[in-house]
Engineer: 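Please see the structure below; I have some questions.
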Amino acid sequence: MKMIVLRRFRVLIVMVFLVACTLHIVIDLLPRLEKRAVAAGAPANPAAGSGCSCAHRPSDEPQNWGKQRARTGSAQPGWPSKHTLRILQDFSNEPGSNLTSQSLEKSPGSADKTEAFRRLEDFAQSGGHLVGDKQFIQDASPKRERNGGPSKLSALFQHPLYRIPIPQLSEDDTLFNMNTDLRFNPKAAENQEWPNEGTDEEEYTPTGEPSADSYPNWLKFHIGINRYELYSRDGTVIESLVKDLVLQKIVSVAMKSGGTQLKLIMTFQNYGQALFKPMKQTREQETPPDFFYFSDFERHNAEIAAFHLDRILDFRRVPPVAGRLVNMTKEIRDVTRDKKLWRTFFISPANNICFYGECSYYCSTEHALCGKPDQIEGSLAAFLPDLALAKRKTWRNPWRRSYHKRKKAEWEVDPDYCEEVKQTPPYDTGTRLLDIMDMTIFDFLMGNMDRHHYETFEKFGNETFIIHLDNGRGFGKYSHDETSILVPLTQCCRIRKSTHSRLQLLAKEEFKLSDLLEESLLQDRLSPILYRPHLEAMDRRLRIILRVLNDCIEKDGYSNVVENDLDRDIADTITSKR
Ligand SMILES: *[C@@H]1O[C@H](CO)[C@@H](O)[C@H](O)[C@H]1NC(C)=O
Ligand SMILES: *[C@@H]1O[C@H](CO)[C@@H](O)[C@H](O)[C@H]1NC(C)=O
Ligand SMILES: *[C@@H]1O[C@H](CO)[C@@H](O)[C@H](O)[C@H]1NC(C)=O
C-alpha cells in the first residue's frame with residue numbers, strides 16, 4: 001500500500017516536471033512563431049512590421065528594429081538581444097580595469113567581435129547608408145534656441161572661433177566604417193545596393209530615406225566619433241543622449257569591478273549603458289588639505305561639470321555626462337542581479353536607504369552611500385563603443401604623479417623634463433604634445449591632479465585627440481590653485497593657437513568662463529552642479545594660465561610658443577572681428 005502511494009507520488013512529480021518543461025518550451029517559442037507570422041504577413045502591410053507584439057518590446061524608439069526584424073525574416077534571430085547590443089559599448093576609465101562585471105558575463109573576445117559586427121551589419125541593413133548617416137549626424141545645422149533671453153553660451157557658440165570646421169573626413173577618420181566592417185559578411189555586402197533594386201525593402205522605407213533617425217542616441221553618438229572629436233559642435237545628438245541618460249528606464253545594474261571606488265554600470269531600456277558615480281560629498285565640502293590626491297573622493301558633480309567645461313573649451317573630448325536622481329530601491333536594488341551589491345543594502349538609523357557595494361576603497365558600512373530617504377544623486381556617463389569594436393590605446397601621462405606619499409616624479413625635480421619628452425615618440429611629431437597641453441589646461445581649471453594615464457582610439461594612430469575620461473577628482477578645492485598641474489605648460493611653453501585664442505576669449509567679461517559654465521550647468525537636472533566659489537576659482541585660474549603663456553611668449557617668442565593650427569582665412573576673420 002505504502003509502495004503504491006509512493007509510486008503514484010513519483011509519477012505525479014514526473015508529470016509536473018513534464019508539464020513545466022512543455023510550458024517553458026511553449027513560452028520560449030511563442031514569440032518567435034508570432035514574429036514569423038508577422039514576417040510572413042508583413043509584405044502586405046508594412047505597419048505590421050513595427051507592430052511586433054513581442055512581450056518585451058522596449059519602447060517605441062526601436063520601432064525600426066521591428067521592421068528590420070520583419071524584413072530579415074526568419075533567417076536571423078529576432079530582436080537585437082541585450083547581449084549583442086551591450087557589446088557595442090564600453091566604458092573603462094581606469095587603466096588595467098577594462099573588464100567590468102558585465103564583460104565577465106560575456107563570451108570570450110573573438111565571439112564578441114563577430115557578434116558585434118553582426119550587430120552593426122544589422123543596423124547597416126536596416127538603415128542602409130551609414131555614410132549618409134554620418135552626414136546626417138555631422139551636417140545637421142544648429143537650429144536650436146537656447147533658453148530665451150540673452151544667452152552668453154549661444155553667443156559663444158556663434159563666435160567664429162567656435163565655427164572652425166574640422167577637416168574633410170575620409171574613411172580612415174571615422175571610428176566606424178560600415179563599408180569595411182560589412183566585408184566581414186558577404187551577405188551584408190550583397191545587400192549594400194538594396195535601395196536601387198530592393199523590392200520588399202521599399203515597403204519598409206517607403207520614402208527611401210535611411211532610417212538613421214531610428215537609431216538609439218547612444219549609437220548615433222558612437223557612429224559620429226571621428227579622428228578630431230568625440231562629438232560634433234551641433235549638439236542635437238548629444239543633447240538627446242543626455243536626455244536619455246536622465247529619462248531612460250534603468251533595467252539592470254552591475255558593479256564595475258577594478259576601480260578603487262564604487263561605480264555602477266547601468267543599462268537602459270534602449271540598450272544604452274552608462275557609468276554611475278554616486279554622490280559622496282556635498283557641493284560645499286572641500287577636499288581636506290591633508291588628503292592625498294590619490295585617496296580623494298570621486299565627485300559626481302565634477303564628472304558633470306567636466307563634460308560642460310570641456311565643451312565650452314571646444315575640446316569635445318569628454319563623453320556625455322548627466323546628473324540623475326536615482327531611486328535606490330526601484331532603480332538599483334530591485335534591478336540588480338548582483339548578490340554582492342544587493343546584500344550591502346541596509347536602512348540607516350535615520351531611516352534612509354543605504355548601500356556600499358564592493359570596491360577597494362570606501363566600500364564599507366562607515367562609508368555607505370545613503371539616500372534621502374531612498375533617492376540618491378549621481379552622475380551618468382555615456383559609454384564609449386565597446387573595446388571589441390573600437391580598441392583604445394592607454395598611454396602613460398609623461399607628467400604622471402608618483403602616487404606615493406614620499407617619492408617625487410622625475411618632472412618634479414628636472415626643470416628640463418619637457419625637452420626629454422619632446423624627443424620621445426609620439427611627442428616628437430604631430431599634435432600629441434599640444435593635446436597634452438590642452439589636457440593640462442583642462443585639468444588645471446578643474447584642479448584635477450589625478451591624470452596618470454590617458455586613452456586614444458587605436459584606429460586613429462598617434463594623430464588624434466586624447467579622450468578626457470574620468471574627471472571625478474576635479475573640483476575638490478576652490479580656495480587653492482594647484483599650480484603643479486600646470487607644470488607641463490610651464491616646462492614646454494607650447495599651445496595651439498585655437499586654444500590660446502579661446503582662452504583669451506573666455507577671459508573677457510563678455511564671455512566670462514564662470515558665467516558660461518554656470519549657464520551651461522543650468523541644463524542639468526541636478527543643477528546647481530557647482531558651488532559658486534568653484535566657478536570663481538576658474539576665472540582666477542584662467543588668468544594664471546594666460547600669465548604663464550605670456551611669460552612663455554616673452555621668453556621664447558610668439559611663434560615658438562603658439563602653434564598656428566588655424567587656417568589663415570579663419571585666423572583673419574577672427575582677428576578682424578575682435
Ligand atoms: C584588458 O587589460 C588587460 C591588462 O590589464 C589586457 O591584457 C587585455 O588585453 C585587455 N583587454 C582588452 C579587451 O583590451
Ligand atoms: C522609490 O521606489 C519605491 C518602489 O520600489 C517606491 O515605493 C518609492 O515611493 C520610490 N521613492 C520615490 C521618492 O519616488
Ligand atoms: C606612434 O607612437 C609610438 C610611440 O609610442 C611610435 O612607436 C609609433 O611609431 C608612432 N606611430 C607613428 C605612425 O608615428
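Note that this is a predicted model, so its numbers are computed, not measured. Note that these values count all heavy atoms, side chains included, but never hydrogens, waters or copies made by symmetry. Indexing begins at 1, ligand by ligand and atom by atom, following the structure's order.
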Engineer: Among Arg299, Lys277, Arg283, exactly one meets salt bridge (charged side-chain N to carboxylate O under 4.0 Å, His left out) together with Glu377. Which residue is that?
Structural biologist: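 Single salt bridge (charged side-chain N to carboxylate O under 4.0 Å, His left out) partner of Glu377 among Arg299, Lys277, Arg283: Arg283.
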Engineer: Using modelled atom types and a 3.5 Å cut-off, is there a donor and acceptor pairing between side-chain atoms of Asp310 and backbone atoms of Arg316?
Structural biologist: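 Side chain of Asp310 to backbone of Arg316, a donor-acceptor pair under 3.5 Å: yes, one is there.
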Engineer: The test is salt bridge (charged side-chain N to carboxylate O under 4.0 Å, His left out); show your working for Arg227 and Glu463 and say whether it passes.
Structural biologist: CA-CA 8 Å; Arg227 181 186 294 280; Glu463 294 293 310; over 6 Å; no
Engineer: For ligand 2, which is the ligand I care about here, please tell me if Asp374 has any N or O atom under 3.5 Å from one of the ligand's N or O atoms.
Structural biologist: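 Yes, there is a polar N/O contact under 3.5 Å.
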Engineer: Atom 5 (O) of ligand 3: which protein heavy atom is closest, and how many Å away?
Structural biologist: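 Ranking protein heavy atoms by distance from atom 5 (O) of ligand 3, first comes Trp395 CZ3, 3.3 Å.
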Engineer: Around atom 7 (O) of ligand 3, find the nearest protein heavy atom and jot down its residue, atom name and distance.
Structural biologist: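 That would be Pro425 CB, 4.8 Å.
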Engineer: How close does the nearest protein non-hydrogen atom get to atom 3 (C) of ligand 3, and which residue and atom is it?
Structural biologist: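 In this structure, atom 3 (C) of ligand 3 has Asn462 ND2, 3.6 Å as its nearest protein heavy atom.
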Engineer: Would Cys418 and Cys493 count as a disulfide pair, i.e. SG atoms separated by less than 2.5 Å?
Structural biologist: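 No disulfide here.
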Engineer: Yes or no, since that's all I need: does a protein heavy atom fall within a distance strictly under 4.0 Å of atom 11 (N) of ligand 3?
Structural biologist: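 Yes, there is one.
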Engineer: Using only heavy-atom distances, determine whether the side chains of Arg333 and Asn327 contain a donor-acceptor pair under 3.5 Å.
Structural biologist: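 Side chains of Arg333 and Asn327: no pair found under 3.5 Å.
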Engineer: Would you mind checking which non-hydrogen protein atom is closest to atom 2 (O) of ligand 2, with the distance to 0.1 Å?
Structural biologist: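 So the nearest neighbour among protein heavy atoms is Asn327 ND2, 2.3 Å.
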